[in-house]
Number of protein chains: 2
Amino acid sequence: MVLTRETSAGYMANWAARLFSRELERQLAPTGIAPAYMPVLFALADGGTLTQKELTRRAAVEQPTMAATLKRMERDGMIHRRQDPGDKRSALVALTPLALGKVETVERVVTAINALALEQLDVGERRQFLSLLGRVIAVLEAQDADLGS
Amino acid sequence: MVLTRETSAGYMANWAARLFSRELERQLAPTGIAPAYMPVLFALADGGTLTQKELTRRAAVEQPTMAATLKRMERDGMIHRRQDPGDKRSALVALTPLALGKVETVERVVTAINALALEQLDVGERRQFLSLLGRVIAVLEAQDADLGS
DNA sequence: ACCATTTACATAGCTTGCTATCTAAATACA
DNA sequence: TGTATTTAGATAGCAAGCTATGTAAATGGT
């Protein structure tokens with residue numbers, strides 16, 4: 001029998017991710033915050049600064065992906081960079097006041113979408129869902145790390 | 001408190017989807033089958049033909065996404081199209097013998113990756129995971145359909 | 001029969017992800 | 001000290017997703 005999408009965890013994960021991202025994009029459109037900006041926004045929401053390397057690690061994306069995201073965020077006036085005084089290769093990234101002013105709104109939108117997505121699940125199922133997703137991610141991350149070595 | 005990735009279903013879904021897709025790409029590289037080809041490959045694995053519209057529906061992507069995927073598959077010698085005799089706007093898509101010869105291998109790879117991803121879950125948890133994912137998708141699909149009207 | 005609408009697909013242009021590769025600065029060590 | 005390696009980031013080029021829009025064929029209504 002040929003695989004059906006309903007029984008393929010990979011296909012379902014991709015599908016769910018696209019639906020989340022579409023909804024996020026729709027609801028965040030008026031703020032000028034794109035889905036990929038969110039890990040950066042939340043990591044710097046306290047007003048602090050981080051290097052690109054650290055942002056890359058926290059967003060769990062590859063370095064060139066983060067470089068491109070920061071370039072778009074800079075273009076959109078959401079971040080600025082200043083020289084790292086201790087390392088000339090590196091810059092310290094911070095949110096602009098414009099971006100800082102959007103953090104609360106974005107947080108409300110994200111929370112609402114997560115709530116919508118899980119609205120058919122009871123409290124136990126919601127915890128279970130996040131926990132199972134986390135365990136699946138852990139296995140795949142380990143595999144990824146193995147092959148990257 | 002600012003959102004953390006571990007408690008955001010959307011972030012976790014995106015993360016899991018990227019890990020699945022990286023692993024798939026790695027393991028399918030020698031076959032010349034890209035992840036996006038798979039819904040088409042499986043839909044046509046019986047040797048039959050389908051229109052682009054029907055393939056779009058089954059893959060749950062937008063029409064221009066499927067148009068681009070079919071273009072790459074054609075470039076790679078995986079599909080061919082012939083005029084739909086009953087509708088001059090439309091073509092009937094079929095797999096080439098080259099692609100048909102890869103179906104079994106691809107199916108084995110996909111099955112293995114799904115098994116790997118779920119290896120830390122017991123049988124009940126695996127069923128639960130797919131079921132919860134399905135319910136989340138259903139809610140988001142409904143929302144998407146609402147807004148599209 | 002004719003025009004308006006709908007439908008199937010194509011194209012343009014963008015985001016977000018990836019790998020591969022380059023440059024320049026920092027670090028290690030002989 | 002001087003070279004070799006490692007590290008931080010940039011860039012090129014591609015895949016795969018999206019929205020908006022265009023074109024041509026099919027359909028529907030008067």
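Lettering follows sequence order; numbering is per chain, from 1. Since the structure is predicted, the reported quantities are computational estimates derived from the model, not experimental observations.
- Residues satisfying the salt bridge (charged side-chain N to carboxylate O under 4.0 Å, His left out) test with B:Asp84, not counting sequence neighbours, are none.
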Using a cut-off of 4.0 Å between protein heavy atoms and nucleotide atoms, how would you tag nucleotides 12-21 of chain D 5' to 3' with B, S and -?
---SBSBBB-

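- Every pair passing side-chain hydrogen bond (donor to acceptor under 3.5 Å, both in side chains) that includes a residue from residues 121-137 of chain B is listed here, sequence neighbours excluded: A:Glu125-B:Arg135, A:Arg135-B:Glu125.
- A:Glu74 has its CD atom 13 Å from the C1' atom of D:dG9, to the nearest Å.
- The salt bridge (charged side-chain N to carboxylate O under 4.0 Å, His left out) check on A:Glu62 picks up B:Arg22, with sequence neighbours excluded.
- Here the C1' atom of nucleotide D:dT27 and the NZ atom of B:Lys88 are 15 Å apart, to the nearest Å.
- The closest donor-acceptor contact from the side chain of A:Thr96 to the backbone of A:Gly77 lies under 3.5 Å.
- Of the possible donor and acceptor atoms, none in the side chain of B:Asp76 sits under 3.5 Å from a partner among the backbone N and O of B:Met78.
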Between the protein and nucleotides 2-7 of chain D, which nitrogen or oxygen pairs come in under 3.5 angstrom?
residue : atom : partner : partner atom : Å
D:dT7   : O2   : A:Arg89 : NH1          : 2.5

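- Note on A:Lys71: a side-chain N or O is less than 4.0 Å away from OP1 or OP2 of D:dT11.
- Atom CD of B:Glu104 is surrounded by 12 or fewer heavy atoms from other residues, nucleotides or ligands within 6.0 Å.
- The closest side-chain heavy-atom distance from B:Leu41 to B:Val103 is below 4.5 Å.
- Using a 4.0 Å heavy-atom criterion, one finds that A:Asp87 contacts the sugar-phosphate atoms exclusively.
- Under a 4.0 Å N-O distance rule, the pair B:Arg26/B:Glu23 qualifies as a salt bridge.
- Chain B approaches DNA chain C within less than 4.0 angstrom (heavy atoms of the protein), and the contacting nucleotides run 5' to 3' from C:dT7 to C:dC18.
- At least one donor-acceptor pair closer than 3.5 Å links the side chain of A:Thr56 to the backbone N or O of A:Gln52.
- With a 4.5 Å cut-off on side-chain heavy atoms, B:Thr51 and B:Leu92 count as touching.
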